[in-house]
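Heads up: the structure comes next, in structure tokens.
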Amino acid sequence: MWISLISYPESGMSGSHGNYTHSVNFSTRMSTNPITGADDMVLLTNCELQSRVKELAQQINFDYRDKGEIVVIGVLKGAFMFFSDLVKHLTIDIVVDFIQVESYEGTESTGNVELRHQPTVNIRGKHVLLVEDILDTGITLSNVFVFLSLHDPASVRVVVLLDKPARRQAQVKADYTGFKIENRFVYGYGLDYKQRFRHLSEVRTIK
Ligand code: 5GP
Ligand code: MG
């Protein structure tokens with residue numbers, strides 16, 4: 001079975017670097033889960049992730065080159081690995097902070113977004129870049145937007161590693177997207193399956 005992962009360097013103040021499609025032949029991606037030994041599949045290898053993360057950082061460096069200090073806020077817990085890889089490639093002036101929200105129980109969103117940790121940096125008048133793991137229904141990001149806008153930032157942009165457009169409910173769009181994927185539950189590279197497997201270096205999906 002072939003699955004298309006459309007990777008699209010979109011938006012930014014500078015325009016696009018061009019679109020391309022990355023196709024995955026699942027029969028070549030079968031791989032046992034290293035912790036449980038269960039059959040599953042690698043959707044994105046660490047090598048594929050690293051090269052895309054670097055491209056996203058280059059676009060962000062260009063777009064924010066004359067914007068002064070940027071507050072880069074990671075959405076915990078899922079974005080922690082993407083966040084740390086991304087900021088290593090940023091050459092602009094940044095301060096980092098984190099926000100933690102929770103909406104998932106097991107593999108399903110409850111639709112109820114709870115704020116568990118707020119950023120401590122003052123974002124009033126600052127350009128904010130939110131770093132999120134997945135944009136799915138959009139409910140999480142739309143709630144985070146509302147929360148941040150209460151603190152009067154100069155702007156808020158969003159970079160997401162993965163976009164699952166099939167399940168969108170809220171009107172939100174990422175400014176920078178790593179990979180657009182079909183509607184599958186994924187884990188690894190920061191993302192959990194019932195709080196496990198966040199430390200795996202690739203994005204996996206259940207067979
Ligand atoms: P949304 O509110 O857009 O539906 O969901 C956003 C959050 O749900 C993401 O930040 C992520 O934490 C979680 N999420 C959505 N899809 C998946 C998935 O396939 N796997 C995992 N582990 N988390 C997901
Ligand atoms: Mg998340």
Side-chain angles (χ1 to χ4, degrees), residues 3-7 10 24 26 29 33-36 38 40-46 48-49 52-53 56 72-87 96-119 128-149 156-207:
I3 299 290
S4 284
L5 294 170
I6 301 152
S7 171
E10 247 204 359
V24 172
F26 268 181
R29 297 276 174 144
N33 179 310
I35 317 293
T36 63
D40 70 357
M41 291 180 286
V42 174
L43 193 63
L44 293 161
T45 64
N46 189 256
E48 289 163 344
L49 290 162
R52 184 71 184 121
V53 169
L56 290 171
V72 184
I73 300 181
V75 184
L76 295 174
K77 301 176 194 170
F80 84 92
M81 216 176 262
F82 173 44
F83 182 94
S84 71
D85 284 342
L86 184 79
V87 296
V96 305
D97 210 334
F98 296 95
I99 188 169
Q100 185 175 9
V101 288
E102 267 176 26
S103 65
Y104 257 57
E105 266 174 28
T107 62
E108 279 304 317
S109 174
T110 60
N112 250 346
V113 179
E114 288 181 32
L115 187 64
R116 296 261 189 257
H117 169 81
Q118 327 193 2
V128 172
L129 180 66
L130 256 185
V131 182
E132 173 63 309
D133 51 4
I134 299 197
L135 179 54
D136 186 14
T137 63
I139 293 170
T140 304
L141 268 184
S142 60
N143 278 270
V144 171
F145 266 123
V146 170
F147 171 77
L148 293 177
S149 59
V156 181
R157 289 184 160 225
V158 184
V159 52
V160 294
L161 179 68
L162 305 172
D163 182 4
K164 288 201 277 195
R167 299 204 332 138
R168 196 77 83 253
Q169 290 176 32
Q171 285 282 343
V172 274
K173 213 170 161 283
D175 298 283
Y176 307 92
T177 302
F179 300 89
K180 191 168 166 184
I181 63 170
E182 65 170 29
N183 184 19
R184 278 177 168 271
F185 186 81
V186 292
Y187 67 94
Y189 197 65
L191 290 148
D192 71 310
Y193 178 60
K194 298 183 179 171
Q195 294 304 326
R196 299 170 74 196
F197 312 131
R198 290 191 195 273
H199 61 303
L200 300 179
S201 63
E202 63 279 316
V203 174
R204 293 179 163 261
T205 185
I206 296 158
K207 209 177 77 177

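Note that these values count all heavy atoms, side chains included, but never hydrogens, waters or copies made by symmetry. Every number for a ligand or one of its atoms is a count from 1 in the order of the listing. Computed from a predicted structure; not experimentally measured.
Both the backbone and the side chain of Asp192 come within 4.0 Å of ligand 1, judged by heavy-atom distances. If you look at Asp133 next to ligand 1, the close heavy atoms, those under 4.0 Å, all belong to the side chain. If you look at Phe185 next to ligand 1, the close heavy atoms, those under 4.0 Å, come from the backbone and the side chain alike.
Those atoms of ligand 1 with a heavy atom of Leu191 less than 4.0 angstrom away are 21 (C), 22 (N), 23 (N). Less than 4.0 angstrom separates some heavy atom of Lys164 from each of these atoms of ligand 1: 16 (N), 17 (C), 18 (C), 19 (O).
Tyr189 is linked by a ring-ring contact (aromatic ring centres under 6.0 Å, His included) to nothing, counting only residues two or more places apart in sequence or in another chain. The salt bridge (charged side-chain N to carboxylate O under 4.0 Å, His left out) check on Asp97 picks up nothing, with sequence neighbours excluded.
Ring centroids of Tyr193 and Phe185 are separated by less than 6.0 Å, placing the two rings close together.
When only interatomic distances are considered, the shortest N/O to N/O separation between Arg167 and ligand 1 does not fall below 3.5 Å. On a distance-only criterion, Val186 and ligand 1 share at least one N/O pair closer than 3.5 Å.
Side chain to side chain, Gln195 and Arg198 meet the donor-acceptor criterion of an N or O pair below 3.5 Å.
Using a cutoff of 4.0 Å between basic side-chain nitrogens and carboxylate oxygens, Arg168 and Asp163 are scored as salt-bridged.
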